Amino acid sequence: EKYNGGVGIVTSYLSKGLEFDVVIVADAEDENYDSSNKLDMKLLYVAMTRALHKLEFVYDKNICKYLKDWWKISLFLYWNIIICAVKFIL
């Protein structure tokens, strides 16, 4: 059966190996993703790396500590990629 678009809801376990245009990670808080638990961090990483174009996090109070650090690293890498692309184009 051919996929015709729409919204699909899958767990991190089932999403491994798949790709999506947009990924929304729900409840991205320490209570749900313990930064000291390797399995939690692996599942979060799998969920984050499924996004092709857009990655969003939904949280109520405080975003997971791992994601606070990840944002700093990804922002740095993102800007370096843009700077390299601009240099290449020019």
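Here the structure is a predicted model, which means the values were calculated and not measured.
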Table please: side-chain donor-acceptor pairs of residues 22-30 below 3.5 Å, with sequence neighbours left out.
unit_1	atom_1	unit_2	atom_2	d
E29	OE2	D60	N	2.4
E29	OE2	K61	N	3.3
D30	OD1	K65	N	3.1

Any residue meeting side-chain hydrogen bond (donor to acceptor under 3.5 Å, both in side chains) with D34, in chain and number order, not counting sequence neighbours: S36
Check: L18 main-chain N/O paired with S15 side-chain donor or acceptor under 3.5 Å: no
Residues, nucleotides or ligands: over 12 heavy atoms within 6.0 Å of F20 CZ: yes
Residues clustered with Y13, ILVMFWY side-chain links under 4.5 angstrom: L39, L43
Any residue meeting salt bridge (charged side-chain N to carboxylate O under 4.0 Å, His left out) with E19, in chain and number order, not counting sequence neighbours: none
All pairs passing salt bridge (charged side-chain N to carboxylate O under 4.0 Å, His left out) where residues 36-59 contributes a residue, at least two apart: K54-E56
Non-hydrogen atoms of V46 and S12 that approach each other most closely: CG1-O, 3.6 Å
Transitive ILVMFWY side-chain link L55 to Y45, under 4.5 Å: yes
Members sharing L52's hydrophobic cluster (side chains within less than 4.5 Å): none
